[in-house]
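Okay, so here's the structure we're looking at.
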Amino acid sequence: MFDNDSFQQRVWQIVAAIPRGYVTTYGEIARLAGSPRAARQVGGILRRLPAGSKLPWHRVINRKGEISLTGDDLNRQRNALEEEGIEVSNNGIISLTRYRWQP
DNA sequence: AAACTGACTGTTA
DNA sequence: GTAACAGCCAGTT
């Protein structure tokens with residue numbers, strides 16, 4: 001019926017569901033979206049989010065618990081995370097043990 | 001339509 | 001423990 005959904009739309013939906021104060025990984029989102037090997041695409045989709053999107057893209061990090069972005073983007077993501085009480089080390093590392101979202 | 005891209009990840013050394 | 005490699009596949013050109 002609603003077959004107009006794309007992988008991209010499912011990713012948007014899932015990211016939107018990550019609660020404040022929690023994080024998850026690209027790979028986890030790919031799995032939830034039904035394409036377990038498409039972690040890289042998740043990053044690609046988030047990179048191309050429309051400006052002004054309200055999606056909490058900053059709650060998505062890599063499997064090592066690091067922020068995958070660099071430079072200014074890394075700083076913006078770190079600020080957004082600390083803003084919601086998530087502790088981020090100077091190197092951009094987050095404790096997945098503490099903050100991982102489990103749907 | 002074909003080629004290129006890469007906010008990743010599992011495997012291997 | 002870390003580092004290098006190669007597969008991965010939706011989106012973009």
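The structure displayed is predicted, hence computed values, not measured ones.
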Start and end of the DNA chain C segment that chain A contacts, any atom under 4.0 Å from a heavy atom: C:dG7 to C:dT12
Dot-bracket line, read 5' to 3' along DNA chain B, where crossing pairs take [ ] and | marks a partner on another strand, Watson-Crick or G-U under 3.5 Å: .|||||.||||||
Listed by chain and number, what are the side chain to side chain contact (heavy atoms under 4.5 Å, CB included) partners of A:Asn79, not counting sequence neighbours? A:Glu82
What salt bridge (Lys or Arg N to Asp or Glu O under 4.0 Å) pairs are there with at least one residue in residues 18-27 of chain A, not counting sequence neighbours? none
CD1/A:Ile29 to CD/A:Gln13 distance, rounded to the nearest 0.5 angstrom? 12.0 Å
Does A:Phe7 CZ have over 12 foreign heavy atoms under 6.0 Å away? yes
On DNA chain B, which is the earliest and which the latest nucleotide, 5' to 3', with an atom closer than 4.0 Å to a heavy atom of chain A? B:dG6 to B:dG10
Rounded distance [0.5 Å steps], CG in A:Leu46 versus CG in A:Leu55: 7.5 Å
Show the nearest heavy-atom pair for residues A:Leu49 and A:Trp57, with the distance to one decimal. CD1-CB, 3.9 Å
Distance only, no hydrogens: is a donor on one side chain within 3.5 Å (strictly under) of an acceptor on the other, for A:Glu83 and A:His58? no
Qualifying residues under salt bridge (charged side-chain N to carboxylate O under 4.0 Å, His left out), relative to A:Arg78, sequence neighbours excluded: none
With the threshold set at under 4.0 Å for non-hydrogen atoms, list the residues of residues 66-74 of chain A touching DNA chain B in residue-number order. A:Ser68, A:Leu69
Under the 3.5 angstrom rule, does the side chain of A:Asn91 hit a backbone N or O of A:Ile93 as a donor-acceptor pair? no
May I ask you to say what A:Arg37 touches in the nucleic acid, namely base, sugar-phosphate or nothing, with a heavy-atom cut-off under 4.0 Å? sugar-phosphate
Sub-4.0 Å heavy-atom contacts from residues 83-103 of chain A onto DNA chain B, ordered by number: none
Keeping to residues at least two apart or across chains, list the salt bridge (Lys or Arg N to Asp or Glu O under 4.0 Å) pairs with something in residues 47-57 of chain A. none
Close approaches to DNA chain C from residues 40-57 of chain A, in residue order (heavy atom, under 4.0 Å): A:Arg40, A:Gln41, A:Arg48
Minimum heavy-atom separation for A:Arg59 to A:Ile18, with atom names? NH1-O, 2.7 Å
Residues 31-42 of chain A, side-chain donor-acceptor partners within the protein, below 3.5 Å, at least two apart:
from: A:Arg31; atom 1: NH1; to: A:Glu28; atom 2: OE1; distance (Å): 2.3
from: A:Arg31; atom 1: NH2; to: A:Glu28; atom 2: OE1; distance (Å): 3.2

Do you know which of A:Thr25, A:Asn62, A:Asp73 makes side chain to side chain donor-acceptor pair (under 3.5 Å) with A:Ser68? A:Asn62
Should A:Ile67 and A:Leu81 be marked as a side-chain contact (heavy atoms from CB on, under 4.5 Å) after you check the CA-CA gap, both sets of side-chain angles, and the distance that decides it? CA-CA 10 Å; A:Ile67 293 174; A:Leu81 289 169; 4.1 Å; yes
Looking across every strand, which nucleic acid part, if any, lies under 4.0 Å from A:Tyr26 by heavy atom: base, sugar-phosphate, or nothing? base
Which atom pairs, donor and acceptor, lie under 3.5 Å between side-chain atoms of residues 96-103 of chain A and protein residues at least two apart or in another chain?
from: A:Arg98; atom 1: NH1; to: A:Glu87; atom 2: OE1; distance (Å): 3.2
from: A:Tyr99; atom 1: OH; to: A:Glu87; atom 2: N; distance (Å): 3.2

